[in-house]
2 protein chains.
Amino acid sequence: MAGIKDVAAEAGVSVATVSRVLNSHPSVSEEARVRVLAAVETLGYRPNAVARSLRTAQTRTLGLVISDVLNPYFTELARFVEEEARALGYSVIIGNADERPELQDHHIRTLIDRRIDGLLVSPADGGSPLMREVALGGTPMVFVDRWIPGIDVPVVRADGTGAVKDLVAHLHGLGHRRLAIIAGPAATTTGNERVEAFRDAMRELGLALPDAYIGQGDFQAASGRLATQRFLALAEPPEVVFAADNLMALGALDAIRARGLRVPDDIALAAFDDIPWFVHTDPPITAIAQPTADLARAAVRALADRIEGRTPQSVTLPARLVVRRSCGGAASNQRSDR
Amino acid sequence: MAGIKDVAAEAGVSVATVSRVLNSHPSVSEEARVRVLAAVETLGYRPNAVARSLRTAQTRTLGLVISDVLNPYFTELARFVEEEARALGYSVIIGNADERPELQDHHIRTLIDRRIDGLLVSPADGGSPLMREVALGGTPMVFVDRWIPGIDVPVVRADGTGAVKDLVAHLHGLGHRRLAIIAGPAATTTGNERVEAFRDAMRELGLALPDAYIGQGDFQAASGRLATQRFLALAEPPEVVFAADNLMALGALDAIRARGLRVPDDIALAAFDDIPWFVHTDPPITAIAQPTADLARAAVRALADRIEGRTPQSVTLPARLVVRRSCGGAASNQRSDR
DNA sequence: ATCATCCGTGTAATCGATTCCATGGCTCTG
DNA sequence: CAGAGCCATGGAATCGATTACACGGATGAT
């Protein structure tokens with residue numbers, strides 16, 4: 001593969017001049033420029049990004065570590081992150097932690113070794129020593145969706161409290177009183193916040209959230225299934241199950257079906273995170289939608305700000321309730337999404 | 001950040017010795033080894049992968065260019081590709097082409113510039129000049145799922161002909177005679193092959209596939225919706241719609257619902273590509289499942305073979321039919337997947 | 001005892017770019 | 001017309017690793 005030296009030889013100039021042309025440095029004569037460009041063209045020269053990175057100490061690459069690529073919410077997030085990063089001239093390397101802290105650490109380490117310019121993380125746990133070290137070590141970093149208290153890094157996330165309040169009011173209005181929730185891992189912020197928001201919203205309406213109505217999940221479908229089986233086995237099962245993410249909602253749906261029950265007639269179901277498939281399930285599922293694209297864009301911009309010496313800002317955007325048929329009532333096939 | 005020189009100084013040896021220890025070169029005294037390791041530990045030294053790559057001319061990174069990350073089939077593929085690559089000591093950079101050839105070219109170019117060791121591609125089109133050039137240029141490359149005729153590169157894919165035949169027999173057995181298909185883009189191999197397999201299977205049963213029953217899609221939901229609307233507007237609409245991928249099936253489901261029809265009573269539906277969500281749609285959708293994990297593993301291994309000087313092999317694995325309720329008949333909620 | 005081998009180690013070249021500094025020619029100014 | 005300043009350019013240092021080569025000392029064979 002042709003190098004800068006070959007181009008210099010072909011154009012009859014020095015490598016310094018070639019480099020200047022390629023980086024549009026002002027001090028280059030028009031004649032040299034055209035000669036270099038012609039040489040680049042005939043040789044099909046492409047600069048070696050590895051060599052350039054070594055010298056300039058920047059890779060124009062961002063690392064994105066997410067907890068589960070198979071979760072459509074994160075897939076979508078990743079897609080928009082890449083889009084915005086590309087617009088800003090960065091590439092993205094995605095690391096899938098699969099909700100496993102040690103895998104998360106593995107990815108963070110390789111990304112750092114590769115000298116990525118910045119790191120976007122949705123932590124799978126409450127904070128590995130490594131993550132703290134990296135943040136303190138000066139690597140530009142931004143948390144997205146989830147964050148870790150005590151690590152001083154900008155956070156870009158959605159605030160679901162308003163939407164959860166709307167949801168609880170909606171359920172209350174439909175006559176439901178016994179509401180249960182499948183929580184996410186206690187080690188994640190989203191795992192806790194959603195339960196708290198739910199509990200608060202219920203309290204405001206004078207409803208209690210007994211411990212038996214709090215299932216412990218891990219953001220995976222199987223845990224949603226299990227938690228729901230427990231709910232259904234209670235002497236007084238809940239009238240509504242609210243899953244803290246979309247995969248657990250699917251597990252819940254499974255468990256309900258397996259029990260021979262029907263949604264929403266026998267039991268209602270709602271989920272945090274709206275995904276396209278919820279329109280097509282039986283029945284379509286009422287969900288809380290996050291502004292995924294905006295979150296992704298804001299996160300990338302915050303990270304780019306940090307990298308390029310500007311002051312990054314934490315961003316919190318509101319989530320909103322999308323009512324479908326899974327909780328009963330008249331709300332029908334409305335095109336409330338997209 | 002500490003460099004190899006700092007480690008050498010700390011350990012009281014030369015950089016060469018440090019490098020030897022780190023690369024487990026045999027000619028190092030036990031004493032030097034422990035001293036270097038200790039120095040590495042106290043300094044928290046991590047080798048700079050960029051510098052190493054420049055010198056060794058390998059990045060231990062694979063590029064994966066897929067046509068649509070939001071398509072669960074490709075998401076899953078990407079996830080298993082990363083898993084296998086990691087097991088083999090490679091990182092993966094994913095490029096999402098969004099079914100747009102120019103975006104695909106962009107990703108290929110940046111990946112080449114970054115000197116990835118090999119490229120895994122599921123081409124979005126019939127073959128850009130760039131792709132041909134890269135393949136000819138000696139970059140190790142493997143096609144996965146889709147491929148480009150005329151480019152001599154190993155192909156790892158699923159063969160759906162058997163499963164399609166099973167599907168058509170299943171439909172025929174249920175009494176369906178007017179079968180329609182929503183095809184993928186003609187520029188993709190999967191777009192054509194699936195139609196051909198369908199047509200052949202029908203012919204064997206003495207059925208014709210009229211042009212009006214071939215919808216042109218682009219593997220996106222919207223195109224499935226459109227094609228289905230056309231089918232339903234025909235004087236004699238089909239009894240079955242078979243979508244060549246999962247997103248178009250979803251679009252078809254939308255169109256059928258919008259028309260006020262019911263699946264499978266009014267019209268049957270089946271899809272190529274099985275995804276977890278198909279279990280939860282209304283009704284669960286009969287689909288042709290690809291062995292995604294095996295495909296991903298085979299593709300990565302073929303690429304690693306090529307990179308490491310062994311002879312890579314093309315691999316074709318059979319897809320299989322998973323019967324659910326969307327085509328009618330007795331096939332019920334069976335757990336036929338996973 | 002002598003010479004060849006081998007082993008552990010260090011010095012320096014190398015990968016392919018960017019960039020500091022020196023240089024020579026030119027223009028501008030006083 | 002001389003000195004200052006600027007511009008285009010090239011030579012060489014540099015980034016942080018790997019590795020070819022040289023070298024001295026120890027070991028083994030004859």
Side-chain angles (χ1 to χ4, degrees), chain A residues 1-37 39-40 43-61 89 91 109-117 139, chain B residues 1-37 39-40 43-61 89 91 109-110 112-117 137 139:
Chain A
M1 197 163 282
I4 196 171
K5 277 198 277 227
D6 305 304
V7 177
E10 171 82 15
V13 298
S14 73
V15 293
T17 300
V18 175
S19 177
R20 286 193 192 99
V21 171
L22 265 35
N23 295 285
S24 41
H25 184 102
S27 280
V28 189
S29 70
E30 189 53 28
E31 202 213 312
R33 183 187 317 281
V34 297
R35 289 242 300 282
V36 168
L37 259 22
V40 165
L43 295 178
Y45 168 75
R46 298 244 82 211
N48 183 327
V50 176
R52 178 194 306 236
S53 292
L54 177 60
R55 182 61 231 252
T56 61
Q58 54 163 345
T59 50
R60 298 223 60 100
T61 302
S91 294
R109 222 183 297 272
T110 30
L111 290 169
I112 298 294
D113 286 355
R114 276 158 203 270
R115 300 297 191 270
I116 43 115
D117 292 341
T139 303
Chain B
M1 196 162 282
I4 197 171
K5 277 198 278 229
D6 305 304
V7 176
E10 172 81 15
V13 297
S14 73
V15 293
T17 300
V18 175
S19 176
R20 289 194 190 97
V21 171
L22 266 34
N23 295 284
S24 41
H25 184 101
S27 280
V28 190
S29 71
E30 190 53 28
E31 203 213 312
R33 184 186 316 280
V34 298
R35 289 242 300 283
V36 167
L37 259 22
V40 165
L43 295 178
Y45 169 75
R46 300 244 82 211
N48 183 326
V50 176
R52 181 197 304 245
S53 292
L54 177 60
R55 180 61 230 249
T56 61
Q58 54 163 347
T59 50
R60 298 224 58 100
T61 302
S91 295
R109 220 184 297 272
T110 32
I112 297 294
D113 286 355
R114 276 156 203 270
R115 299 298 190 270
I116 42 116
D117 292 342
T139 303

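Throughout, protein chains are lettered first and strands after them, A, B, ... in sequence-line order, and every chain is numbered starting at 1. All values below were derived from every heavy atom in this structure, side-chain atoms included, with hydrogens, water molecules and symmetry-related copies excluded.
In this structure, of C:dA17, C:dT18, C:dC15, it is C:dC15 that holds the atom nearest to the side chain of B:Arg55. Side-chain atoms of A:Pro47 lie closest to C:dA17 of the nucleotides C:dC7, C:dA17, D:dT18. For B:Ala51, taking side-chain heavy atoms from C-beta onward, the closest of the listed nucleotides D:dT9, D:dG16, C:dT9 is D:dG16. For B:Ser29, counting side-chain heavy atoms from C-beta on, the closest listed nucleotide (C:dT19, C:dT9, D:dT18) is C:dT9.
Among all heavy-atom pairs drawn from B:Tyr45 and B:Leu22, the shortest one is CE2-CD2, 3.4 Å.
Taking atom CG of B:Leu54 as the reference point, atom P of D:dT14 lies 17 Å away to the nearest angstrom. In this structure, A:Glu31 atom CD and D:dT9 atom P are separated by 8 Å, rounded to whole Å. Here the P atom of nucleotide C:dA17 and the CD atom of A:Gln58 are 16 Å apart, to the nearest Å. Put simply, CZ on B:Arg33 is 13 Å from C1' on C:dC7, counting in whole angstrom units. The interatomic distance linking B:His25 (NE2) with D:dT19 (C1') rounds to 9 Å, in whole Å. Rounded to an integer number of Å, the gap from OH of A:Tyr45 to P of C:dG16 is 10 Å. Taking atom CZ on B:Arg20 and atom P on C:dC7, their separation rounds to 13 Å, with Å as the unit. Rounded to a whole Å, the CG atom of B:Asn48 is 18 Å from the P atom of D:dT14.
Remark: the B:Arg114 side chain and the B:Thr61 side chain contain no N/O donor-acceptor pair separated by less than 3.5 Å. B:Arg115 and B:Ser53 form no side-chain donor-acceptor contact under 3.5 Å, judged by distance and modelled atom types alone.
Put simply, B:Ser14 has no side-chain N or O that comes within less than 4.0 Å of OP1 or OP2 on C:dT11. Using a 4.0 Å cut-off, some side-chain N or O of B:Asn23 falls inside it from OP1 or OP2 of D:dT18. For the OP1/OP2 pair of D:dA17 and a distance below 4.0 Å, the side-chain nitrogens and oxygens of B:Thr56 include no atom meeting the criterion.
Using a 4.0 Å heavy-atom cutoff across all strands shown, A:Thr17 reaches sugar-phosphate atoms only and no base atom. B:Ala32 comes within 4.0 angstrom of the backbone, heavy atoms only, and of no base. No contact: B:Val50 has no heavy atom under 4.0 Å from any strand.
In this structure the side chain of A:Met1 never reaches within 4.5 angstrom of the side chain of A:Arg46, judged on heavy atoms.
No side-chain donor-acceptor contact under 3.5 Å links B:Asn23 to the backbone of B:His25.
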